[in-house]
Amino acid sequence: MAANRFDALRLLFAATVAVYHLVVLASLAPGSSVERLFAEAAHVSIQGFFIISGALVLGSWERSSSWRTYLEKRVRRLYPAYAVIILVPTAIAVLMGRDLMGIAH
């Protein structure tokens, strides 16, 4: 399987949004023209990221022999990360909640 050529662009878009959040959350330049510039760059980056991602998903659909194989590929790709994103914070919250309530492990 050949690597797609959009990874670097998607990484750039995601990094732009991350930098914008860093600027805003750290209050590095509140209300300034710098913050507005980063906000606009983040806005364009989000749109670009989703346009490219949509094209990649469409390409995956077109390469699939049926809707079932497409769906199986999407589930195998998305659900492991989704499970980690849901289960790890849940486990941390449960452990922290036990510590806060003084329950021994």
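Starting from 1, each residue takes its place in the sequence as its number. Only a predicted model underlies this, so the values are computations on that prediction, with no experimental measurement involved.
Of the charged side-chain nitrogens involved, none lies within less than 4.0 Å of a carboxylate oxygen, so that R36 and E40 do not count as a salt-bridged pair.
Taking CZ of F49 as the start and OG1 of T16 as the end, the distance is 11.5 Å to the nearest 0.5 Å. Taking OH of Y70 as the start and CD of E62 as the end, the distance is 10.5 Å to the nearest 0.5 Å. Here CZ of F6 is found 15.0 Å from CG of L11. Values are rounded to the nearest 0.5 Å. Rounding to the nearest 0.5 Å gives a distance of 4.0 Å between NE2 of H43 and CD of Q47. Summarising the geometry, atom CZ belonging to F13 is positioned 11.0 Å from atom CD1 belonging to I46; distances are rounded to the nearest 0.5 Å.
Using a 4.5 Å cut-off between side-chain heavy atoms of Ile, Leu, Val, Met, Phe, Trp and Tyr, with links allowed through other members, L37 and V23 fall into different hydrophobic clusters. Transitive grouping of hydrophobic side chains (ILVMFWY, heavy atoms separated by less than 4.5 Å) keeps I85 and I92 in distinct clusters. Transitive grouping of hydrophobic side chains (ILVMFWY, heavy atoms separated by less than 4.5 Å) brings M96 and V88 into a common cluster. L78 and V84 sit in two unconnected hydrophobic clusters of ILVMFWY residues. Membership requires side-chain heavy atoms under 4.5 Å apart, directly or through other members. Hydrophobic clustering (ILVMFWY, side-chain heavy atoms < 4.5 Å, transitive): W67 and V57 are in one cluster.
Between S45 and the options L12, V19, V17, a side-chain contact (heavy atoms from CB on, under 4.5 Å) holds for only V17.
When the shell of 6.0 Å around CZ of R74 is examined, it contains more than 12 heavy atoms from other residues, nucleotides or ligands.
Smallest separation of non-hydrogen atoms from P30 and E35: CA-OE1, 3.4 Å. The shortest non-hydrogen separation linking I86 to T90 is O-OG1, 2.6 Å. For the pair V34 and A29, the tightest heavy-atom approach, listed with the atom from each and the gap, is CB-CB, 4.3 Å.
No side-chain heavy atom of L56 sits under 4.5 Å from any side-chain heavy atom of W61.
For R77 (side chain) and K73 (main-chain N/O), no donor-acceptor pair under 3.5 Å exists by modelled atom type.
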